[in-house]
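Order of the sequence lines sets the chain letters (A, B, ...), proteins ahead of strands, with each chain counted from 1. Keep in mind that this is a model prediction, so the values were computed, not measured.
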Amino acid sequence: MNELLVVTPNGYKSSKLYSIVPTDGSGDFTVVRATTATRINSSGVIESVSANVPRLDYTDEDCPSILIEPQRTNLVFPSATATTQNVTVTNVAHVLSFYGTGSVTLSGTGSGTLNGTGANDRVQLAFTPTAGTLTLTVTGSVTSWQLEEGVGASSYIPTVGSSATRNADEIYKTGISSLIPQSEGSIFIDCKVVSFNGHTNVNILNSEKNTSCAFSCTLYDNGDLVVGIYNGGVGDVAMVGSLGSYTLNQRLKILINYKTGDSELYVNGALRDSDSTAFTFSSTWDDIFINDSTTYFSFQGLNTYNQVVLLPYISDSAQSIELTTI
Amino acid sequence: MIYKLKYTDKENAIADLIAKGVIVENDKGFLNNADNTHAIVYVGDIIDLDGYHVDVMIDQVIEFNNALNPNNPKHTFAGW
């Protein structure tokens, strides 16, 4: 299909995620995360990943996906084997998670019990404590445990003698206007949202981080997939693909065919919306940010990606349906 | 650079971090990290210590007059 840019969970090194297309390196993505992190490797084992290295994660899958997460802090320590302890917490959403067959009971500013189901199974409990001291009472085998502010357990953050923070992942490419069709083109995204991170909407893919951004693709927790193509604030293209609802970890195959006066949005094998608004980008579109916290709309979720592809404009509806069919 | 900072409360912390360019507020009212800022962690209250504590990781040298250098920090960045 004469792809212009193809990003997959493929080759990488520190600070770089190689694109399959183009092959000259001009489309390779920059990776920033100044802390170490962890992933589930191909053997299903938690593995440490060095700073600024992208994470190809195999959680619940035989094939890897690119894991992009917001900043999170594990408040309990040490984390390898849990011990009963008190933690000072604030009145915001928290999530407790662990592996093992034991249990953790909350008291003080929170309540509830989380029971383990197996040495290789991760369980999690969402709750919102009152501000103050939360007591976590551990019984039995509780390993790789984590207490973090936020919605949805993120990847495991090992701790030893203090709480520890994993920085947000940033995966982006700037200065590639020559690879991005400026008048008409297509964007294909194959991804999942693991958690909305407490927001009602999360970034799927964005253009520039400044106010004159050209493009945004956002998923709302009610199942609306919203695409904006910005025409300087006048006659913007806005397409809403309503899925009815969205179940976390549901796979999305999104195709945006953009062309002045003839734009379409396909999701999971169906045309969801179209827009006949004539447009030119409000500024040259030359950057791509994937689920980034630093873009103008700073709603970073816990997302995984199988593909991001830029193509020449696809006008064939049958081809669009075939490409997005799960 | 990693700075471990102590303020009287969170409001003072945010005001100082905006003033020093660590975080920026856009025209939608969102507080975002500045381009050089990798992470800001609002550690908050620490048992047996006074003040409101914030850890900052940033690619920039900033003159803070409230920076601490604890021997036994209650919070770290992964891998540091």
Side-chain angles (χ1 to χ4, degrees), chain A residues 32-38 48-53 70-77 79 85-92 131-133 146 148-149 154-170 172 174 199 209-213 292-300, chain B residues 1-7 9-14 17-18 21-62 68-80:
Chain A
V32 177
R33 188 196 60 251
T35 59
T36 58
T38 64
S48 182
V49 175
S50 299
N52 299 318
V53 172
Q71 175 183 314
R72 288 286 179 91
T73 298
N74 189 355
L75 299 169
V76 289
F77 53 90
S79 61
Q85 59 192 263
N86 294 328
V87 181
T88 302
V89 294
T90 55
N91 177 220
V92 298
T133 301
Q146 184 156 297
E148 55 194 310
E149 290 185 3
S154 70
S155 60
Y156 173 55
I157 305 165
T159 62
V160 180
S162 66
S163 62
T165 296
R166 176 200 64 246
N167 286 7
D169 297 285
E170 298 175 37
Y172 60 89
T174 59
H199 306 305
K209 63 173 66 178
N210 55 32
T211 56
S212 57
C213 64
D292 198 286
S293 67
T294 65
T295 52
Y296 186 62
F297 303 103
S298 56
F299 302 113
Q300 186 178 37
Chain B
M1 301 290 293
I2 292 174
Y3 297 99
K4 306 185 88 63
L5 308 170
K6 186 176 89 168
Y7 294 94
D9 53 40
K10 187 171 185 178
E11 288 70 31
N12 275 307
I14 289 173
L17 295 174
I18 291 174
V22 176
I23 52 180
V24 292
E25 185 174 8
N26 73 16
D27 60 4
K28 297 285 188 189
F30 297 134
L31 292 175
N32 291 339
N33 290 357
D35 284 347
N36 289 335
T37 303
H38 286 292
I40 302 168
V41 179
Y42 298 97
V43 178
D45 300 330
I46 296 177
I47 295 170
D48 297 332
L49 290 177
D50 63 338
Y52 184 90
H53 298 261
V54 179
D55 286 2
V56 171
M57 179 188 282
I58 187 169
D59 286 337
Q60 185 179 340
V61 176
I62 298 178
L68 306 175
N69 186 22
N71 293 323
N72 184 24
K74 301 301 181 188
H75 170 263
T76 57
F77 288 96
W80 290 79

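Nearest heavy atom pair, residue B:Pro73 against residue A:Ser162, reads O-CB, 3.3 Å. The minimum heavy-atom distance linking A:Gln71 with B:Ile40 is given by the pair NE2-O, 2.8 Å. Between A:Thr36 and B:Gly79, the shortest heavy-atom distance links the atoms OG1-N, 3.4 Å.
If you tally non-hydrogen atom pairs under 4.5 Å between each of A:Ala37, A:Pro158, A:Gly161, A:Ala164 and chain B, the highest count goes to A:Ala164.
With a 4.5 angstrom heavy-atom cutoff, A:Ala34 touches chain B via backbone and side-chain atoms both. If you measure heavy-atom distances from A:Val160 to chain B, you find no contacts under 4.5 Å at all. Contacts between B:Ile46 and chain A at a heavy-atom distance below 4.5 Å are absent for every atom of the residue.
Here B:Lys74 contributes atom NZ and A:Phe77 contributes atom CZ; the two are 6.0 Å apart, rounded to the nearest 0.5 Å. Rounding to the nearest 0.5 angstrom, the gap separating the NZ atom in B:Lys10 from the OG1 atom in A:Thr90 is 7.0 Å. Expressed to the nearest 0.5 Å, how far CZ of B:Phe77 lies from OG1 of A:Thr73 amounts to 7.5 Å.
B:His38 has its side chain out of reach of A:Thr35: every pair of non-hydrogen atoms, C-beta onward, lies at least 4.5 Å apart. Looking at B:Met57 and A:Thr165, their side chains never come closer than 4.5 Å, going by heavy atoms from C-beta outward.
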